[in-house]
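Structure, as C-alpha cells:
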Amino acid sequence: MSVGAAMVILNSADLEDGGKGLRFPLPALGQNVTGFVVRFKGKPYAYVNQCAHVSVELDWNEGEFFTAQQDYLICATHGAHYRPDNGFCVMGPCKGRSLKQLEVIEQNGQIIINTGAVI
Ligand code: FES
C-alpha cells in the first residue's frame with residue numbers, strides 16, 4: 001500500500017471478491033479515522049470506516065466487513081446492514097442513512113482511492 005497526499009494505492013490482486021476488505025488511514029478526517037475498500041461482484045467500493053449509527057468502525061475483525069452470505073456489509077456493533085455497492089443502510093438502527101463513500105478507480109492492476117473525495 002502506498003499513501004499519498006490524497007490517495008491510497010493498493011494492488012488489485014490483494015482484494016478478493018466478497019472477501020476481506022483492506023483498511024487504510026484517513027488522517028484528513030481525524031487521527032484514528034480509517035477507510036476501507038471491498039470488492040463486490042468484481043468492482044471495488046471504498047468507504048469511510050464509520051457506521052452511520054454511531055461513529056465506530058464497522059469491522060468485527062480487522063478487515064471483516066461482509067456478512068456470512070457476502071451480500072451486505074455489516075456493522076459489528078449493532079448489526080446495521082449496508083449495500084456494498086453504494087453504502088446505503090437497508091437494515092438496523094440507521095436504516096435509510098448511508099456510509100460515506102470514497103471515489104475509487106481500478107486500472108492496470110491497481111486500486112486507486114481518492115481519500116480527499118467523499119461522494
Ligand atoms: S454502531 Fe453500527 S449499528 Fe450501531
Side-chain angles (χ1 to χ4, degrees):
M1 172 174 76
S2 79
V3 182
M7 162 172 311
V8 170
I9 300 173
L10 303 159
N11 283 327
S12 288
D14 292 341
L15 195 61
E16 201 184 307
D17 204 299
K20 263 193 156 186
L22 301 172
R23 295 162 47 107
F24 49 86
L26 282 176
L29 298 185
Q31 203 183 350
N32 298 315
V33 179
T34 61
F36 68 94
V37 59
V38 291
R39 189 183 297 284
F40 180 67
K41 297 188 175 167
K43 283 187 66 180
Y45 297 94
Y47 298 99
V48 177
N49 193 5
Q50 287 177 333
C51 187
H53 177 218
V54 178
S55 160
V56 296
E57 295 189 336
L58 275 77
D59 35 348
W60 43 280
N61 271 327
E62 193 163 311
E64 303 283 2
F65 295 97
F66 278 106
T67 56
Q69 295 76 23
Q70 301 175 332
D71 49 359
Y72 289 101
L73 306 175
I74 184 168
C75 174
T77 304
H78 307 114
H81 281 48
Y82 296 94
R83 279 181 54 169
D85 58 346
N86 63 11
F88 184 75
C89 181
V90 296
M91 187 173 97
C94 43
K95 187 173 174 184
R97 300 179 65 191
S98 293
L99 298 175
K100 292 183 196 126
Q101 193 166 16
L102 298 164
E103 205 173 82
V104 54
I105 55 167
E106 184 166 34
Q107 61 184 20
N108 304 324
Q110 292 187 317
I111 293 168
I112 301 156
I113 300 154
N114 184 349
T115 57
V118 174
I119 52 179

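All ligand and atom numbering here is 1-based and tracks the order in the structure. We count residues from 1, following the sequence as given. Computed from a predicted model, the values in this text were never measured in an experiment. Hydrogens, waters and symmetry mates play no part in the numbers below; they use all other heavy atoms, side chains included.
The number of protein N/O/S atoms found under 2.8 Å from atom 2 (Fe) of ligand 1 is 2.
Listed for the Tyr47 side chain is no donor-acceptor partner under 3.5 Å among the backbone atoms of Ser98.
Checked against a 6.0 Å centroid threshold, the rings of Phe36 and Phe24 do not count as neighbours. Ring centroid separation for the pair Tyr72 and Phe66 does not come in under the 6.0 Å cut-off.
Salt-bridge check for Arg23 with Glu57: passed, with a basic side-chain N closer than 4.0 Å to an acidic carboxylate O.
No donor-acceptor contact under 3.5 angstrom links the side chains of Gln110 and Ser12, judged on distance only.
Both Val8 and Leu15 belong to a single network of hydrophobic side chains, linked directly or stepwise wherever heavy atoms of I, L, V, M, F, W or Y lie under 4.5 Å apart.
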